[in-house]
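Take a look at the structure set out below.
Quick note on labels: first sequence line is chain A, next is B, and so on, each numbered from 1.
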2 protein chains.
Amino acid sequence: MSVSVDNFLKNVFLLTQESPNPVTSSVLAERLGVSGAAVTDMARKLGKKGWLDYRPYQALVLSKQGQKLALKVIRKHRLWELFLHQVLGMDLMSVHEEAEKLEHHTSDELIEHISHFLGNPDFDPHGDPIPGNGGEIPSEKGVKVLTDVGENEEWVVKKLRYRNSETSEMYDRFGLESGMTLKVLKIFDFDGSLEVRFSDGREVLISGKLAENIFCVKKN
Amino acid sequence: MSVSVDNFLKNVFLLTQESPNPVTSSVLAERLGVSGAAVTDMARKLGKKGWLDYRPYQALVLSKQGQKLALKVIRKHRLWELFLHQVLGMDLMSVHEEAEKLEHHTSDELIEHISHFLGNPDFDPHGDPIPGNGGEIPSEKGVKVLTDVGENEEWVVKKLRYRNSETSEMYDRFGLESGMTLKVLKIFDFDGSLEVRFSDGREVLISGKLAENIFCVKKN
DNA sequence: AAACAAAATTAAGCAACCTTAAAACAAAAA
DNA sequence: TTTTTGTTTTAAGGTTGCTTAATTTTGTTT
């Protein structure tokens with residue numbers, strides 16, 4: 001599987017997920033930054049491989065096998081992102097383009113080492129679900145990073161990411177734990193910090209950096 | 001710089017280092033697993049780029065610039081090897097082929113994060129020197145991993161690698177520290193462990209795995 | 001149903017990197 | 001010095017993944 005094939009399958013999968021519209025040649029070409037002709041070529045090729053149900057002039061639909069391959073690439077991408085950010089302390093911005101390259105050159109063995117090192121996490125630093133080794137997608141119904149929720153909405157903490165001993169200590173201090181309800185009162189653009197009210201009435205200020213590690217689902 | 005270019009420069013550099021013989025087309029072709037014609041093609045191309053002093057029928061010699069590029073690739077390779085082995089606990093065998101791929105897809109920024117995470121190490125898990133950010137090669141005159149020294153030779157400990165709290169504890173117990181003299185009395189092939197005598201007369205058994213982290217230079 | 005616009009496919013071609021086979025060359029042997 | 005031997009280069013061609021331009025198909029409009 002070459003880089004191009006990887007990217008083709010991955011992006012057909014993501015487009016399928018992201019919108020209900022059919023994945024057409026032109027949409028995919030736009031996304032991949034290549035010509036329509038290149039997409040047609042590749043689609044025919046992958047059709048022959050059995051990874052895609054290719055019929056001229058029809059929308060692009062991955063086969064079961066194609067989906068599996070796409071999920072493997074996505075798994076690698078998201079684990080790398082999490083790893084680069086959480087372990088090596090790389091900027092969330094840089095992390096994406098770096099993962100974009102590494103995902104294609106990472107053996108299954110290596111990615112399992114990384115997953116294990118991270119404690120087999122379910123979500124990447126953007127809150128996107130990391131497909132499992134067998135292709136299972138962790139449920140993420142309405143999961144958002146705390147930094148992305150709007151003011152004055154009620155959210156339930158879904159997942160706290162433990163980056164190091166200090167994060168756990170901070171969660172402890174705040175009495176923050178999975179399952180509790182909170183409301184973001186104000187977001188300070190200046191430093192990204194958030195004023196939050198817990199259901200027991202306590203109001204605290206959480207740094208943007210810490211908030212990046214708090215995942216929530218909408219209340220009810 | 002493509003993968004092929006990377007590999008070309010890297011291997012010219014390594015061959016130059018590894019033996020006093022000139023780096024010929026055929027030797028490099030053999031090493032890269034490509035035809036002689038492919039080497040000539042590439043050599044002419046890199047000559048034009050100024051990375052190689054290319055003259056038909058002459059040995060291949062890197063320019064200053066070419067050396068710098070080669071050293072960057074080698075730095076990436078060796079840091080990845082160390083990282084995969086030391087941090088992710090991957091097998092020394094797997095580590096090489098994995099690094100062989102990653103080295104070409106790692107930004108300068110990422111590799112500095114990795115280097116920093118590892119404490120800017122000087123040697124990879126095979127005991128090979130890791131070129132610095134600016135291309136400086138750590139002196140390795142006669143440095144060997146303890147697992148590679150012969151029986152009944154006297155060696156001075158050059159570097160102890162601290163993989164985790166347990167390794168330091170073990171070094172402590174043995175009273176092992178940089179600068180001390182030791183002699184390997186026997187190597188047990190069965191489990192790779194080594195019977196070692198220190199200069200103060202104590203004799204201890206060191207596991208092969210621990211010994212991989214002990215670097216020595218020949219006494220005198 | 002005919003015409004048209006938009007989208008997809010085919011056709012031809014390019015660049016990178018490789019191949020094999022033929023030709024050119026260098027160095028050593030006769 | 002000429003010949004031989006082995007290496008290096010040149011020549012011609014293949015594959016992959018792309019390009020642009022021309023052509024075909026689809027679906028919609030009239």
Side-chain angles (χ1 to χ4, degrees), chain A residues 1-13 15-16 18-63 66 69-70 73 100-101 103-105, chain B residues 1-13 15-16 18-63 66 69-70 73 100-101 103-105:
Chain A
M1 280 221 310
S2 68
V3 173
S4 304
V5 172
D6 274 12
N7 278 333
F8 189 104
L9 295 173
K10 180 178 79 164
N11 284 290
V12 173
F13 187 96
L15 283 169
T16 304
E18 284 167 18
S19 109
N21 303 331
V23 180
T24 63
S25 273
S26 43
V27 166
L28 185 57
E30 162 75 24
R31 171 102 157 208
L32 293 174
V34 300
S35 69
V39 169
T40 299
D41 260 18
M42 188 61 98
R44 197 160 359 81
K45 200 172 85 177
L46 300 192
K48 284 209 185 92
K49 288 244 182 197
W51 295 341
L52 191 68
D53 178 22
Y54 174 67
R55 297 156 161 256
Y57 301 100
Q58 300 294 119
L60 300 166
V61 180
L62 293 183
S63 70
L69 293 174
V73 179
E100 202 66 26
K101 294 181 289 172
E103 64 186 12
H104 310 297
H105 307 281
Chain B
M1 281 222 308
S2 68
V3 173
S4 304
V5 172
D6 275 11
N7 278 333
F8 189 104
L9 296 173
K10 180 178 80 167
N11 284 290
V12 173
F13 186 95
L15 284 169
T16 303
E18 284 166 19
S19 109
N21 303 331
V23 180
T24 64
S25 275
S26 44
V27 166
L28 185 56
E30 161 76 23
R31 170 102 156 206
L32 293 174
V34 301
S35 70
V39 169
T40 299
D41 261 19
M42 188 61 98
R44 196 157 4 80
K45 200 173 84 178
L46 300 191
K48 285 211 184 91
K49 288 243 183 197
W51 296 341
L52 192 67
D53 177 24
Y54 175 67
R55 298 157 159 254
Y57 300 101
Q58 299 296 119
L60 300 166
V61 180
L62 293 182
S63 69
L69 292 173
V73 179
E100 201 66 24
K101 293 180 290 171
E103 64 186 10
H104 310 297
H105 305 282

Dot-bracket notation for DNA chain D is requested: 5' to 3', Watson-Crick or G-U wobble pairs only, both distances under 3.5 Å, with ( ), [ ], | and . as defined. ||||||||||||||||||||||||||||||
Do B/His105 and A/Glu103 have side chains that get closer than 4.5 Å, going by heavy atoms? no
Determine the minimum heavy-atom distance between B/Lys10 and B/Val73, stating which atoms define it. CD-CG1, 3.8 Å
Report, as a single string ordered 5' to 3', how protein heavy atoms within less than 4.0 Å touch nucleotides 9-21 of chain C: B base, S sugar-phosphate only, - not at all. BBB-----SBBB-
OP1 or OP2 of C/dA6 sitting under 4.0 Å from any side-chain N/O of A/Ser26? no
For the NE2 atom of A/His104 and the OG atom of A/Ser4, what is their distance to the nearest 0.5 Å? 8.5 Å
Spell out, as yes or no, whether a donor-acceptor pair under 3.5 Å connects the side chain of A/Ser63 to the backbone of A/Gly50. yes
For a quick test of reading the model, state the closest non-hydrogen atom pair linking A/Ala70 to A/Phe13 and the distance between them. CB-CB, 3.7 Å
For a 4.5 angstrom cut-off between non-hydrogen side-chain atoms, does A/Val61 reach A/Tyr54? no
Output the distance between atom CG (B/Leu28) and atom CG (B/Leu60), rounded to the nearest 0.5 Å. 6.0 Å
Euclidean distance, atom CE of residue A/Met1 to atom P of D/dT16 [Å, nearest integer]: 16 Å
Between B/Leu52 and B/Arg44, is the side-chain contact (heavy atoms from CB on, under 4.5 Å) condition met? List the steps. CA-CA 8 Å; B/Leu52 192 67; B/Arg44 196 157 4 80; over 6 Å; no
